[in-house]
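One structure is given here, and the rest of the page talks about it.
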Amino acid sequence: GVEILGDLFQYNEGTWKTITNELPRAVLDVAVDPSDTQALYAGTHIYGLYKSTDSGNSWQELSSFPNVGIFDLEFNDGALYAATDCTEMPEYLLGGLSQIEGECGLYKSSDGGNTWGNLLSEDLKSTPVKQVAFSDGKTYIATNNDAYVSSDGAVWEPMNVPFKETATIEISGNKIYV
């Protein structure tokens with residue numbers, strides 16, 4: 001089978017060191033808590049979310065997070081957001097590990113990853129969310145079937161992107177890029 005690799009490295013004072021330690025598989029994104037720079041979160045390709053409270057020297061899996069993959073981690077207004085993937089993976093990628101279980105979504109935690117809520121409506125919980133962005137009190141997501149915007153985190157309006165499968169979203173002033 002194909003081996004999925006994904007070490008996580010830290011650069012400090014001219015030296016690189018691996019901080020993968022207990023992380024199981026390909027890390028797709030890392031977020032540093034702006035209120036505690038020792039707290040790191042690592043989203044993995046297949047198996048959920050991990051947290052370090054010591055700058056990556058050790059990691060603990062956040063068992064409160066659903067068994068889904070993570071494409072993007074972002075902090076906004078003190079909360080951590082995770083854009084997730086719930087699609088089944090080919091066996092050659094899993095290498096005998098369990099299939100993903102859980103809903104796609106934009107998950108939010110306001111308590112350091114202890115509890116999570118899925119902000120997406122039922123009709124969106126079957127499509128992967130690739131990236132999240134924030135601007136002027138609005139939340140934007142790029143998904144496998146369009147980009148969406150929400151003013152309240154509950155009602156999501158499609159943005160009717162000409163090419164429906166979006167992979168990234170970024171806001172600069174009054175311009176939105178997908």
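Counting begins at 1 with the first residue of the sequence. Keep in mind that the numbers below use all heavy atoms, side chains included, and drop hydrogens, waters and symmetry copies.
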- Task: Count the heavy atoms belonging to other residues, nucleotides or ligands that lie under 6.0 Å from CG of Asp136, then report whether that count exceeds 12.
- Result: no
- Evaluate the side-chain contact (heavy atoms from CB on, under 4.5 Å) criterion for residues Leu49 and Trp116: first the C-alpha distance (whole Å), next the side-chain angles of each, then the deciding distance (0.1 Å), finally the verdict. CA-CA 11 Å; Leu49 186 60; Trp116 294 88; 3.3 Å; yes
- Sole residue of Thr143, Asn144, Thr168 in side chain to side chain donor-acceptor pair (under 3.5 Å) with Lys130: Asn144
- Tyr41 side chain reached by Leu62 side chain, heavy atoms, under 4.5 Å: yes
- Item | Common cluster, Phe134/Val32, ILVMFWY with side-chain heavy-atom separation under 4.5 Å | no
- Chi angles and distances behind the side-chain contact (heavy atoms from CB on, under 4.5 Å) call for Thr53, Asp36: CA-CA 9 Å; Thr53 56; Asp36 176 6; 5.8 Å; no
- Measuring from Ser52:OG to Ile19:CD1, what's the distance to the nearest 0.5 Å? 7.0 Å
- Item | Gap between atom CD of Glu157 and atom CG of Asn160 - 0.5 Å precision | 9.5 Å
- Item | Residue pair Leu40 / Trp59, side-chain heavy-atom distance below 4.5 Å | yes
- Message: Under a 3.5 Å distance rule, please check whether Asp111 uses its side chain to pair with a backbone N or O of Thr115 as donor and acceptor.
- Response: yes
- Once you round to the nearest 0.5 Å, how far does CG of Leu120 lie from SG of Cys104? 8.5 Å
Atom pairs and distances, donor-acceptor, side-chain atoms in residues 71-82, under 3.5 Å, two or more places apart:
| unit_1 | atom_1 | unit_2 | atom_2 | d |
| --- | --- | --- | --- | --- |
| Asp72 | OD2 | Val132 | N | 3.0 |

- Query: Quick one: are Asn118 and Lys125 in side-chain contact, heavy atoms under 4.5 Å?
  - Reply: yes
- Task: Give, for atom CG of Asn145 and atom OG1 of Thr127, the distance between the pair rounded to the nearest 0.5 Å.
- Result: 4.0 Å
- Paired with Pro128, the side-chain contact (heavy atoms from CB on, under 4.5 Å) test is passed by just one of Thr84, Val68, Asp85, namely Asp85
- Note on the structure: Distance col, row Lys175:NZ vs Ser172:OG, nearest 0.5 angstrom, shows 7.5 Å
- Query: Distance only, no hydrogens: is a donor on one side chain within 3.5 Å (strictly under) of an acceptor on the other, for Asn57 and Ser55?
  - Reply: no
- Message: So, taking the atom named OG in Ser135 and the one named CG in Asn174, what distance separates them when rounded to the nearest 0.5 Å?
- Response: 9.0 Å
- Query: Would you say Val161 and Ile176 are hydrophobically clustered, going by side-chain heavy atoms of ILVMFWY under 4.5 Å?
  - Reply: yes
- So do the side chains of Val27 and Tyr50 get within less than 4.5 Å of each other, counting heavy atoms only? no
- Task: Take Tyr140 and Glu170 through the side-chain contact (heavy atoms from CB on, under 4.5 Å) test and state the conclusion after the steps.
- Result: CA-CA 8 Å; Tyr140 298 83; Glu170 189 66 40; over 6 Å; no
- With a 4.5 Å heavy-atom cut-off, do Ile70 and Thr44 have their side chains touching? no
- Note on the structure: Residues Gly153 and Ser150: closest non-hydrogen pair is N-OG, 2.7 Å
- Message: Would you say the rings of Phe65 and Tyr107 are close, in the sense that their centroids are separated by under 6.0 Å?
- Response: yes
- Task: Report the C-alpha separation of Ile141 and Val149 in whole Å, then their side-chain angles, then the decisive distance to 0.1 Å, and conclude whether the side-chain contact (heavy atoms from CB on, under 4.5 Å) test is met.
- Result: CA-CA 7 Å; Ile141 57 173; Val149 60; over 6 Å; no
- Pairwise side-chain contact, Ile169 with Tyr177, heavy-atom cut-off 4.5 Å (strictly under): no
